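Remember, it's a predicted structure, so these values are computed and weren't measured experimentally.
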Amino acid sequence: MAGSHNETEDESDDAYDAAFDQHRAALYDMLMEYADENELSDSFMAVLASDIGLSLRMVAYAAETEKPSVGGLRLDLDRYARELGDSVRDAKKYAAEFIAEAKAAQEEDEAEGDEDEDGNEGDGDTTKNQPS
């Protein structure tokens, strides 16, 4: 349990990280499903998600602050901008790895597409590429 007096800081961080990863994956899946259903591009979804994030940050400040103020909100938005900047700088560090993984995934998708076309014309066994 978070905040328990028996819990070490590392355990608390690990629990937070696990919960963050779980919820991030679930929300990502829901957003991608919505984008697919509505034929929205990834770049459009990124803008929507950013706008929603900003709105949620503002709502969180107003809801979670004892005496919210314009100045306080502006300071919190400055903090949010720094946090986003940190995230972008961190993402840049892993840009080469990300692009390599993206290219590999695209090549795999293309290869599977070629196999599907070949498989339908060949022996008629379409089950070999399906997950078990």
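Residues Asp29 and Glu33 fail the side-chain proximity criterion, which asks for heavy atoms closer than 4.5 Å.
Pairing each heavy atom of Pro68 with each of Ala62, the nearest pair is CG-O, 3.7 Å. Heavy atoms only, all atoms of each residue included: Leu31 and Met45 are closest at O-CE, 3.6 Å.
Taken from CD in Glu110 to CD in Glu107, the straight-line distance is 7.0 Å, to the nearest 0.5 Å. In this structure, the separation between OH on Tyr94 and CD1 on Ile99 is 16.0 Å, given to the nearest 0.5 Å.
If you chain together hydrophobic residues whose side chains sit under 4.5 Å apart, Leu27 and Tyr34 never meet in one group. The same ILVMFWY cluster, assembled from side-chain heavy atoms under 4.5 Å apart, contains both Met32 and Leu40. Under the 4.5 Å side-chain heavy-atom criterion for Ile, Leu, Val, Met, Phe, Trp and Tyr, Tyr28 and Phe44 are members of the same hydrophobic cluster.
With sequence neighbours excluded, the residues forming a side chain to side chain contact (heavy atoms under 4.5 Å, CB included) with Leu73 are Met58, Tyr61, Leu77, listed by chain and number.
At most 12 non-hydrogen atoms from other residues, nucleotides or ligands lie less than 6.0 angstrom from CD of Glu39.
Between Asp76 and Arg79, at least one side-chain N (NZ, or NE/NH1/NH2) sits under 4.0 Å from a carboxylate O, which counts as a salt bridge.
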Can you check salt bridge (Lys or Arg N to Asp or Glu O under 4.0 Å) on Asp86 and Arg89, steps first, answer last? CA-CA 5 Å; Asp86 291 345; Arg89 278 187 292 283; 2.5 Å; yes
Intermediate values then yes/no, side chain to side chain contact (heavy atoms under 4.5 Å, CB included), Leu56 and Ile52: CA-CA 6 Å; Leu56 287 172; Ile52 291 168; 3.8 Å; yes
